[in-house]
Novice: 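A single structure is presented below for examination.
Predicted model only: the values in this text are computed from it and were never measured. Any value given below was found using the heavy atoms of this structure, including those in side chains, with hydrogens, waters and symmetry copies removed.
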There are 2 protein chains.
Amino acid sequence: MSATKILDTLLAISRLLEQDQQRELERRGLTVPRTHLLWVLYHGGPATQAHLAEAVGVTPRHVTTLVDALENTGFARRKPHPSDRRAVLVHLTERGLSEMESMDAEHKALGANLIAGLSDDTITATRTALTQILERLTSLVDDHTARAESEERDR
Amino acid sequence: MSATKILDTLLAISRLLEQDQQRELERRGLTVPRTHLLWVLYHGGPATQAHLAEAVGVTPRHVTTLVDALENTGFARRKPHPSDRRAVLVHLTERGLSEMESMDAEHKALGANLIAGLSDDTITATRTALTQILERLTSLVDDHTARAESEERDR
DNA sequence: TATTGTTATACTCTATAACTATA
DNA sequence: TATAGTTATAGAGTATAACAATA
């Protein structure tokens, strides 16, 4: 009984989730990074590109590319910032908003569907395990980040 | 207690696993798709590019690009196919082999690390839940694939 | 002087179509 | 005629560096 069984199953689930997500997005004319940006707008309201770069975790330059694409496909729009003439505010169009709403609903349905039929005990134990795994992974990634940064400083 | 809690945790874990993996690969001078190809060579031995395209799930043309990159960085090599002069056999270099071995070891260590300290009952329940989730996701993706294909035929 | 966004350039992943050499 | 791999072309994600306009 290999110790990596759970990790392997998690990885298999990750791949399928990503695969399914990508297909659903493609069907709507979206991509993962663009949707990530829309998601930030959906939850945080109109924002400057500098803010979006920070929130999505890409360079400000790349936000320009993503917003260009989202404007061309009608999911978002730029408008001038009311008080800072350097900046723009990016906001969802009606189409962008309704896509986000329906994706939100699909997400909730999927979550319920995947665990339907499992006993309460099983669900509770799973939640416990996943929470620990998430914590360990988080600290692991933090460690690696710290190490990478210290290596960078050494150069 | 939202029904999407487990799904959200799974998604968070997926993101971290991918993030950590990408950083480890970058440190070694690899990318995810290139590593996927090396992984196939590691487990299946030398292979033609046509076979790799099938195994990795990309176009034969793209295998050319990936193998070019792996040759340039010294992880794999092409050699002529002994009996078919059209084909080449791609095989790991020593460097490619040793990287795969160390990644394999790290993968096993990570799997053990993430669940260390959890009770046997918790682990068993988690395994049950993840197995069901994986099954449901698989059939869901299959459904979506079938639907996409039938839509394609309608065009 | 610092910040916001954009032009310029480059690398990687990925695909389709057309072509060459060989089966 | 079919198969293996490559040249040609293109779209998307992503980054750095240099630059304009504004703060």
Novice: Determine whether Arg28(A) and Ser102(A) satisfy the following criterion, side-chain hydrogen bond (donor to acceptor under 3.5 Å, both in side chains), listing intermediate values before the conclusion.
Specialist: CA-CA 11 Å; Arg28(A) 294 168 203 259; Ser102(A) 84; 2.7 Å; yes
Novice: Look at the side chain of Ala87(B) and decide which nucleotide, out of dA4(D), dC13(C), dG13(D), has an atom nearest to it.
Specialist: dA4(D)
Novice: Rounded off to whole Å, could you give me the CG-to-P distance for the Leu30(B) and dC13(C) pair?
Specialist: 10 Å
Novice: Mapping Arg85(A) and Val58(A) onto DNA chain D by nearest heavy atom, which one lands closer to the 5' end?
Specialist: Val58(A)
Novice: Rounded to the nearest Å, what distance is computed from the NZ atom of residue Lys79(A) to the P atom of nucleotide dG5(C)?
Specialist: 15 Å
Novice: Which nucleotide, dG5(C), dC13(C), dA2(D), lies nearest any side-chain atom of Arg86(B)?
Specialist: dA2(D)
Novice: Side-chain N or O of Thr64(A) less than 4.0 angstrom from OP1 or OP2 on dG5(C)?
Specialist: no
Novice: Kindly say if Arg78(B) contacts the phosphate of dT6(D), meaning a side-chain N or O under 4.0 Å from OP1 or OP2.
Specialist: yes
Novice: Could you tell me whether a side-chain N or O of Arg77(A) sits under 3.5 Å from a main-chain N or O of Glu71(A), the two making a donor and an acceptor?
Specialist: yes
Novice: Taking only the side-chain heavy atoms of Thr59(A) (C-beta and beyond), determine which of dT14(D), dT16(D), dA23(C) contains the nearest atom.
Specialist: dT16(D)
Novice: Check if the side chain of Arg61(A) and the base of dT6(C) share a donor-acceptor pair of N or O atoms closer than 3.5 Å.
Specialist: no
Novice: Please report the distance, rounded to the nearest Å, between CG in Asp84(B) and P in dG5(D).
Specialist: 8 Å
Novice: I need the CG-C1' distance between Leu37(A) and dT14(D), as an integer number of Å.
Specialist: 14 Å
Novice: When you measure from the side chain of Arg95(A) to the backbone of Thr73(A), do you find a donor-acceptor pair of N or O atoms at a distance under 3.5 Å?
Specialist: yes
Novice: For Leu70(B), does its backbone N or O pair with a side-chain atom of Arg34(B) as donor and acceptor, under 3.5 Å?
Specialist: no
Novice: Once you round it to whole Å, what is the distance between P of dT14(D) and CG of Leu25(B)?
Specialist: 16 Å
Novice: Has Glu99(B) got a side-chain atom pairing as donor or acceptor with Leu25(B)'s backbone, closer than 3.5 angstrom?
Specialist: no
Novice: Just call it for Thr31(B): base, sugar-phosphate, or nothing, with non-hydrogen atoms closer than 4.0 Å on any strand.
Specialist: sugar-phosphate
Novice: Measure CG/Leu66(A) against C1'/dA15(D) and give the value in whole Å, please.
Specialist: 13 Å
Novice: In whole angstroms, how far is the P atom of dT12(C) from the CD atom of Gln22(B)?
Specialist: 14 Å
Novice: Considering just the side-chain nitrogens and oxygens of His62(B), establish if one lies under 4.0 Å of OP1 or OP2 belonging to dT14(C).
Specialist: yes
Novice: Describe the nucleic acid contact of Val88(B) in one word from base, sugar-phosphate, nothing, applying a heavy-atom distance below 4.0 Å.
Specialist: sugar-phosphate
Novice: Nearest whole angstrom, please: distance from the P of dT4(C) to the CD of Gln49(A).
Specialist: 11 Å
